[in-house]
Amino acid sequence: MRWSKTLIPTLKEDPADAEVVSHKLLVRAGFIRQISRGIYDYFPLALKVIRKIESIVREEMDRAGAQELLLPIASPAELWQESGRWEVYGKELVRFKDRHARDFCLGPTHEEIVTDLVRSAVRSYRELPFNLYQIQTKFRDEVRPRFGLMRGREFIMKDAYSFHTDMQDCRREYDNMFETYKRIFTRYGLQYRPVEADTGAIGGSLSHEFQVLAESGEDAIVSCNLCDYAANVEKAEAKGSRPAARDLTEESPQLVKVSTPGKRSVAEVAEYLKLPPEKFVKTLVYRIDNNDFVAALVRGDHEINEVKLQTALGCREVALADEAAVAAMAGVTPGYLGPIGLSLRTIADFSVQSMRGAVTGANEANAHYTEVDQERDFTPSAFADLRMAAAGDHCPRCDHGLLEAHRGIEVGQVFYLGKKYSEALGATYLDAEGRERPMEMGCYGIGISRLVAAAVEQNHDANGIIWPLSIAPFQVLLLPINYNDKATREAADRLYDELRRRGVEVLFDDRDERPGVKFKDGDLIGIPLRITVGAKGLAKGCLELRWRRDGKTVEIALAGAAQTIHGHLAQA
RNA sequence: CGGGGCGUGGCUCAGCUUGGUAGAGCGCACGGUUCGGGACCGUGAGGCCGGUGGUUCGAAUCCACUCGCCCCGACCA
């Protein structure tokens, strides 16, 4: 492609509305432009990257035995009503009416649609199993789109759905997809980790996320420094935390009420009483499923994990109660809440069990108890794993490992769905005995457009983007120093033709610009290999070959240059 | 939805407090000098200052409402 014939609107300055580096660079380098909140134009360079990402997905999905198909973006409300998600999904689901006033929505995901397809097309166990996938634009009216392509409302996703006669076969496909995803993300040249994940709104019982490691990632993950355990903190089991309240007084003196005027947070009270946060018990009042209230206890140095709380309580929704509700329930503001004498059902994290010499609120204004002994002074209705795992925790899977914390960008997720959708929508088959049975299902997503952002987050420097070769918009940037110089022009034109003939993807900067401008633009858009054609080099019969990533530069002979370049690419 | 911030040529911003009819840098066009890491000189085009309503002799500037965008939080690929 000749630069002069394509549209690459580069910018010298960072756009004012971008925060993270991938957003800034993708806009500056002329890949994307925001047209509305969370909705972007993809310029030619961006589309090339997207096509590369997609084609690797296709190759690997096809290799894994999946079949590509294409489902509609608009789907009728009936299917969503049947699965129950028309009510459950909320405002994120964009709904509209057609001219006949029939309800529709834009598909945020396609379990209903594909299940409907399968129930009408498949009758017998002989037709199972299979895995259907598509690559398509999705729309979710996100509460808070942000960070450019990282969290758009409109985004491109690969979604796959598999159908099976039994759990074992569905598990086999889950593992098949897990391995396929590892191959895909490895081919992208990204540093990633598969982590155990919560299943969230999609439902199901087993799930892994594929997280591209990046500081700007929205997800917190932990991984073991010794074994291969890794999990999203939402899901990570919290076990054997740092030694903390263990060395507490054995003799368990009397409960002591102390005055703590105006001190409300653990940090404030800890500072005031000169006691470490791990000796505290935090009491948090939650409203569950919009009617009942429950008090959750975690140690002062821990964070509560609401997903775990929800699971432990077996409820659909938990939300921190507001101050007025707390005052009504407990007769005190949240800063002075404690489990002793609290007339609320309480549930406590394991780390609170058997605590001694602890500090809690006294359920009266400006007062706390010290020397609290859990076994002597209060009894929660249950103990459970309620806290966020954190760096330094003991690994829940191996003996000596410790957890490390990372940030990640979730670029893929695999789910074992079970019969959730097949039962709701009646996707059944007849088994060998002629009995009707619901199918077992799995689903598997990859965020295609999000991957563009993730790749940039992980591959850039002060000068711009550094695309991994496998997803770069072009493999080679051919840069003549002065395209008006006759010798340069002839050599560059010839090389351009020869490279293309060999199937090398070349961006040819044939613009009448000063060299500095071309070098800067070239670094910005991040083509992996740059070939510079200049009068000085030509005089010696040479060209300069330079890798964008490490700046490594070699001179190569003009004669046979196309072949030499092809060879360097093949080795990369 | 709650909290905070911002809307002024294509881009990044100044001007607003203390109303007097719009500026800079970059970019763009043309001419000239340049030409291996975002050149220089000259000339020029381009803005109903997000919108509506108000206050005023007069509003980018003050007031009200409204729309859009960004950040933080509650949600999620």
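Reckoned from all heavy atoms, side chains included, excluding hydrogens, waters and symmetry mates. Labels below follow one simple rule: chain letters A, B, ... track the order of the sequence lines, proteins then strands, and each chain is numbered from 1.
- Distance check: Leu69(A) CG to Tyr161(A) OH gives 9.5 Å after rounding to the nearest 0.5 Å.
- Spacing between C65(B) and G5(B) at atom P, rounded to whole Å, works out to 16 Å.
- In this structure, C40(B) and G32(B) make a Watson-Crick or G-U wobble pair, each of the two defining distances being under 3.5 angstrom.
- Nucleotide A14(B) forms a pair with no other nucleotide shown, judged by Watson-Crick or G-U wobble geometry with both contacts under 3.5 Å.
- In this structure, the separation between CD on Glu54(A) and CG on Leu47(A) is 7.5 Å, given to the nearest 0.5 Å.
- The CG atom of Leu26(A) sits 11.5 Å away from the CZ atom of Phe43(A) when rounded to the nearest 0.5 Å.
- C70(B) sits 15 Å from C11(B) when the P atoms are compared, rounded to a whole Å.
- Aromatic ring centres of Phe178(A) and His208(A) lie closer together than 6.0 Å.
- Nucleic acid contact for Pro15(A): sugar-phosphate only, since backbone atoms but no base atoms lie under 4.0 Å from a heavy atom of the residue.
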Summarise how protein sits on nucleotides 33-39 of chain B as a single string, 5' to 3': B when a protein heavy atom is under 4.0 Å from the base, S for sugar-phosphate-only contact, - for no contact. -BSBBBB
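- Taking the six-membered ring wherever Trp is involved, the centroid distance between the rings of Tyr192(A) and Phe185(A) falls below 6.0 Å.
- Ring pair Tyr89(A)/Trp80(A) is perpendicular by interplanar angle, where above 60° counts as perpendicular and below 30° as parallel.
- The nucleotide U55(B) finds no pairing partner, because no Watson-Crick or G-U wobble arrangement with both distances shorter than 3.5 Å includes it.
- Within the cation-pi definition used here (under 6.0 Å to the ring centroid, within 45° of the axis), Arg489(A) qualifies as a partner of Tyr483(A).
- Place Ala18(A) and Ser449(A) on RNA chain B by their nearest nucleotides, and Ala18(A) ends up nearer the 5' end.
- Tyr40(A) has its OH atom 10 Å from the P atom of C69(B), to the nearest Å.
- Distance Asp14(A) CG to G10(B) P: 20 Å, rounded to the nearest Å.
- With P as the reference atom, G51(B) and G10(B) are 13 Å apart, rounded to whole Å.
- When the P atom of G73(B) is taken as reference, atom CD of Glu19(A) falls 11 Å away, rounded to whole Å.
- One C1' atom belongs to A60(B), the other to G9(B), and the distance between them is 14 Å to the nearest Å.
- One finds no salt bridge joining Arg193(A) and Glu209(A) here, because no Lys/Arg side-chain nitrogen approaches an Asp/Glu carboxylate oxygen to under 4.0 Å.
- Counting to the nearest Å, the C1' atom of C1(B) and the CD atom of Glu142(A) are 15 Å from each other.
- Residue whose closest nucleotide on RNA chain B sits further toward the 5' end, between Ala16(A) and Gly447(A): Ala16(A).
- Rounded to whole Å, atom C1' of G68(B) lies 12 Å from atom CZ of Arg153(A).
- The distance from atom CD1 of Ile466(A) to atom CG of Asp523(A), rounded to the nearest 0.5 Å, is 8.5 Å.
- G50(B) sits 36 Å from G38(B) when the P atoms are compared, rounded to a whole Å.
- Base pairing analysis places G7(B) opposite C67(B); the two distances defining the Watson-Crick or G-U wobble pair are each below 3.5 Å.
- In this structure, G73(B) and C1(B) make a Watson-Crick or G-U wobble pair, each of the two defining distances being under 3.5 angstrom.
- One can place CG of Leu320(A) at 15 Å from C1' of G2(B), the figure rounded to the nearest angstrom.
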So Glu173(A) and Ser162(A), side chain to side chain donor-acceptor pair (under 3.5 Å) or not? Walk me through it. CA-CA 8 Å; Glu173(A) 184 65 6; Ser162(A) 70; 5.2 Å; no
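- Across the P atoms, C67(B) and C26(B) are found 39 Å apart, a figure rounded to whole Å.
- Distance Lys24(A) NZ to U12(B) C1': 13 Å, rounded to the nearest Å.
- Glu218(A) has its CD atom 14 Å from the C1' atom of A74(B), to the nearest Å.
- Nucleic acid contact class of Tyr483(A) (heavy atoms, under 4.0 Å, all strands): none.
- Going from the C1' atom of A24(B) to that of U8(B) covers 12 Å, rounded to whole Å.
- Comparing A45(B) with G27(B), their C1' atoms sit 13 Å apart, to the nearest whole Å.
- Using N1 to N3 plus N6-O4 or O6-N4 for Watson-Crick, or N1-O2 and O6-N3 for G-U wobble, each under 3.5 Å, A45(B) pairs with nothing.
- Arg37(A) comes within contact range of the sugar-phosphate backbone alone, with a heavy-atom separation under 4.0 Å but no base atom that close.
- Closest contact between the side chain of Glu92(A) and the listed nucleotides C76(B), G25(B), A74(B) involves C76(B).
- One finds no side-chain N or O of Gln413(A) lying less than 4.0 angstrom from the OP1 or OP2 phosphate oxygen of C76(B).
- Side-chain nitrogen and oxygen atoms of Ser36(A) include at least one within less than 4.0 Å of the OP1 or OP2 phosphate oxygen of C69(B).
- The phosphate of C71(B) has neither OP1 nor OP2 within less than 4.0 Å of any side-chain N or O from Arg146(A).
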